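As structure tokens, the structure follows; a few thoughts come after it.
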Amino acid sequence: TPSILEPLEHVQIYKNIDYGDVEAAGKHLLELSGFLTRDEEKVELQRQAIADKYGLGKMVETIVRTYGKYGVSVEP
């Protein structure tokens, strides 16, 4: 579903694990823990993308557009 896939689209290193395989999950989590890094530039790009899509400005824009469909205008 989009709510699960969207946050994962930036994941680059991963392991496929069969559902319910706790032993493999533990093993692969330990392996993957060696790849934990933070690319501050990518983090900032992701934050900006989230703000552009879900931030206050976008919310206000959506509300104004929705009310506008029903003849309610907002003065700046």
Side-chain angles (χ1 to χ4, degrees):
T1 64
S3 62
I4 294 172
L5 297 177
E6 187 177 5
L8 297 176
E9 71 184 35
H10 300 288
V11 173
Q12 297 172 352
I13 302 172
Y14 60 91
K15 298 279 187 174
N16 289 321
I17 301 167
D18 291 328
Y19 184 81
D21 190 346
V22 177
E23 185 177 333
K27 176 185 169 200
H28 291 309
L29 280 172
L30 286 174
E31 288 175 15
L32 292 170
S33 69
F35 296 101
L36 295 176
T37 61
R38 277 180 66 100
D39 181 333
E40 292 302 323
E41 186 176 317
K42 284 184 180 180
V43 169
E44 186 53 38
L45 288 172
Q46 291 169 2
R47 285 184 181 147
Q48 188 59 50
I50 290 168
D52 291 346
K53 192 169 185 177
Y54 303 109
L56 181 60
K58 189 65 171 181
M59 262 197 309
V60 170
E61 179 184 310
T62 301
I63 290 169
V64 168
R65 185 177 58 248
T66 301
Y67 276 86
K69 289 178 183 178
Y70 298 96
V72 179
S73 63
V74 176
E75 296 297 322

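As the structure is a prediction and not an experimental result, all values here were calculated from the model.
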(request) Supply the atom-to-atom distance Asn16 CG to Asp21 CG, rounded to the nearest 0.5 angstrom. (result) 12.0 Å

(request) Answer yes when Glu23 and Lys27 have at least one side-chain N-carboxylate O distance shorter than 4.0 Å, and no when they do not. (result) no

(message) With clusters defined by side-chain heavy atoms of hydrophobic residues (ILVMFWY) lying less than 4.5 Å apart, directly or transitively, does Leu30 cluster with Tyr14?
(response) no

(request) Please report the closest heavy-atom contact between Ala24 and Ile17, naming both atoms and the distance. (result) CB-CG2, 4.1 Å

(request) For the pair Glu44 and Glu41, evaluate side chain to side chain contact (heavy atoms under 4.5 Å, CB included) and give the outcome as yes or no after the intermediate values. (result) CA-CA 5 Å; Glu44 186 53 38; Glu41 186 176 317; 6.0 Å; no

(message) Testing the basics here: between Lys58 and Lys53, what is the closest heavy-atom pair and its distance to 0.1 Å?
(response) CG-O, 3.3 Å

(message) To the nearest 0.5 Å, what is the distance between CG on Asp39 and CD on Gln46?
(response) 8.5 Å

(message) Please tell me whether Met59 and Tyr54 are part of a single hydrophobic cluster in this structure, the criterion being side-chain heavy atoms less than 4.5 Å apart.
(response) no

(request) Answer with yes or no whether the hydrophobic clustering places Leu36 together with Leu29; edges join I, L, V, M, F, W, Y residues whose side-chain heavy atoms lie under 4.5 Å apart. (result) no

(message) Looking at every non-hydrogen atom in both residues, tell me the closest pair between Thr66 and Tyr70 and how far apart they are.
(response) O-CD1, 3.2 Å

